[in-house]
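Some notes on the structure that comes next.
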Amino acid sequence: MKHLLKLADLTGKDIDNILNLADQLKYERKNGIPHQVLKGQTLGMIFTKSSTRTRVSFETGIYQLGGQGLFLSSADLQIGRGEPIKDTARVLGRYLDGIMIRTFKQSDVEDLAKYSGIPVINGLTDYCHPCQVLADLMTIREIKGSLKGLKICFIGDGNNMANSLIAGAVRCGMKISIACPSNHRPDEALVKEGFDSGLLTLTESPLEAAEKADVVYTDVWASMGQEKEAAERAKDFKGYQVNDELMSKAKSGAIVLHCLPAHRGEEITDEVMEKHAAEIFEEAENRLHAQKAVMVTLMKK
Ligand code: CP
Ligand code: NVA
């Protein structure tokens, strides 16, 4: 593994190795065992979109590993004034040891990897959110013991989260059922891969998707960059909500995950959020451990 650009580039074994390392790093962190294996290294963190979890977990994560993080808002970089990504990449590659980038276009992340010559980690694009799904898989494994054979359902927009969940579930042998309106389907190539694996089902019915699910997952109806479409989307996604009725279809003991931030009263009710807060905030914590595992895997010299 040279980069983490999308989960589809990884094998099931790669994912398993990252999750095992993440568990180890979490154990060490909880027990005060230092693990400064990236001492002296610098991670550049380019943000073209807002972030709470990704920024703070990467910045503290690289620090705990003995390195330092540089927060680079694209508004303050020359990228914001039109310097091409391939030039920026060739410059940053000479200063830094790794780059995390959150932006719109997946092709910008791919170009950064192509031209920088150092490990690049995708911290979310319109297409996917691999770091989030690694933390999600870590959380599910931690609570349920294993991944293979479990059923996860995703309720809502066929967005970056849905795309990465398909790629992750298929590689870990999990059944995945997605409920979305027909005009908001996930990426068609991933849908095809999911269908070919026999693990994916796609439906317009949230209740059908939730049937006997072990894990119930949802995300906002309007992602970053889609703020202007929010009213239209609220109409399209009416009924695509994780609420008590939907939870009654899932297996008893089913867990709820949300990448956050959540819009209570839209994709999830306050009641379900609060009832499942333990899992949801463990999931948020696991961003730290899973991303530290990614950085160690890619950057350890
Ligand atoms: N889930 C997630 O990526 O959160 P942030 O947008 O706060 O980074
Ligand atoms: N789909 C959301 C995920 C946020 C973590 C977005 O892209 O805004």
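Start at 1 and go down the list; that is how both ligands and their atoms are numbered.
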### Task
State if R287 counts as touching ligand 1 under the rule of any non-hydrogen atom under 4.0 Å.
yes
### Message
Would S223 count as a polar contact of ligand 2, with the cut-off being nitrogen or oxygen pairs under 3.5 Å?
### Response
yes
### Message
Measuring only between side-chain heavy atoms, which start at C-beta, is I99 closer than 4.5 Å to I121?
### Response
no
## Note on the structure
When distances are taken from atom 7 (O) of ligand 1, the protein heavy atom at minimum range is T52 N, 2.7 Å
### Query
What do you reckon, does L260 put a non-hydrogen atom under 4.0 Å from ligand 1?
yes
### Message
Any nitrogen or oxygen of H129 lying under 3.5 Å from a nitrogen or oxygen in ligand 2? Just yes or no.
### Response
no
### Query
Does the distance from a Lys or Arg side-chain N to an Asp or Glu carboxylate O, for R90 and D87, drop under 4.0 Å?
yes
## Note on the structure
The atoms of ligand 2 lying under 4.0 Å from a heavy atom of L260, numbered in the order shown, are 5 (C)
### Task
May I ask you to identify, for K49, whether its side chain, its backbone, both or neither come under 4.0 Å of ligand 1 on a heavy-atom basis?
neither
### Message
With a heavy-atom distance limit of 4.0 Å, tell me whether L124 approaches ligand 2 through its side chain, its backbone, both, or neither.
### Response
side chain
### Query
Would you say H129 contacts ligand 1, with heavy atoms under 4.0 Å as the rule?
yes
### Salt-bridge criterion met for R185 and D157 (N-O under 4.0 Å)
no
## Note on the structure
Taking only non-hydrogen atoms of N160 and a 4.0 Å limit, the atoms of ligand 2 in range are 1 (N), 2 (C), 6 (C), 7 (O)
### Query
Parallel, tilted or perpendicular: which describes the rings of F237 and W221, with under 30° parallel and over 60° perpendicular?
parallel
#### Entry: N243 side chain to E245 side chain, donor-acceptor N/O pair below 3.5 angstrom
no
#### Entry: Side chains of T139 and D136, donor plus acceptor under 3.5 Å
no
### Task
Report yes if some N/O of C259 lies less than 3.5 Å from some N/O of ligand 1; otherwise report no.
yes
### Query
So, does E267 use its side chain to make a donor-acceptor pair with the main chain of H263 at under 3.5 Å?
yes
### Message
Would D16 and R141 count as a side chain to side chain contact (heavy atoms under 4.5 Å, CB included) here? Give the steps.
### Response
CA-CA 10 Å; D16 209 41; R141 207 172 78 153; 3.2 Å; yes
### Message
If I apply the N/O under 3.5 Å rule, does M224 come out as touching ligand 2?
### Response
yes
### Message
With respect to D219, determine whether any N or O atom, backbone or side chain, lies less than 3.5 Å from an N or O atom of ligand 2.
### Response
yes
### Query
Where do C172 and L137 come nearest, in terms of heavy atoms and distance?
SG-CD1, 4.0 Å
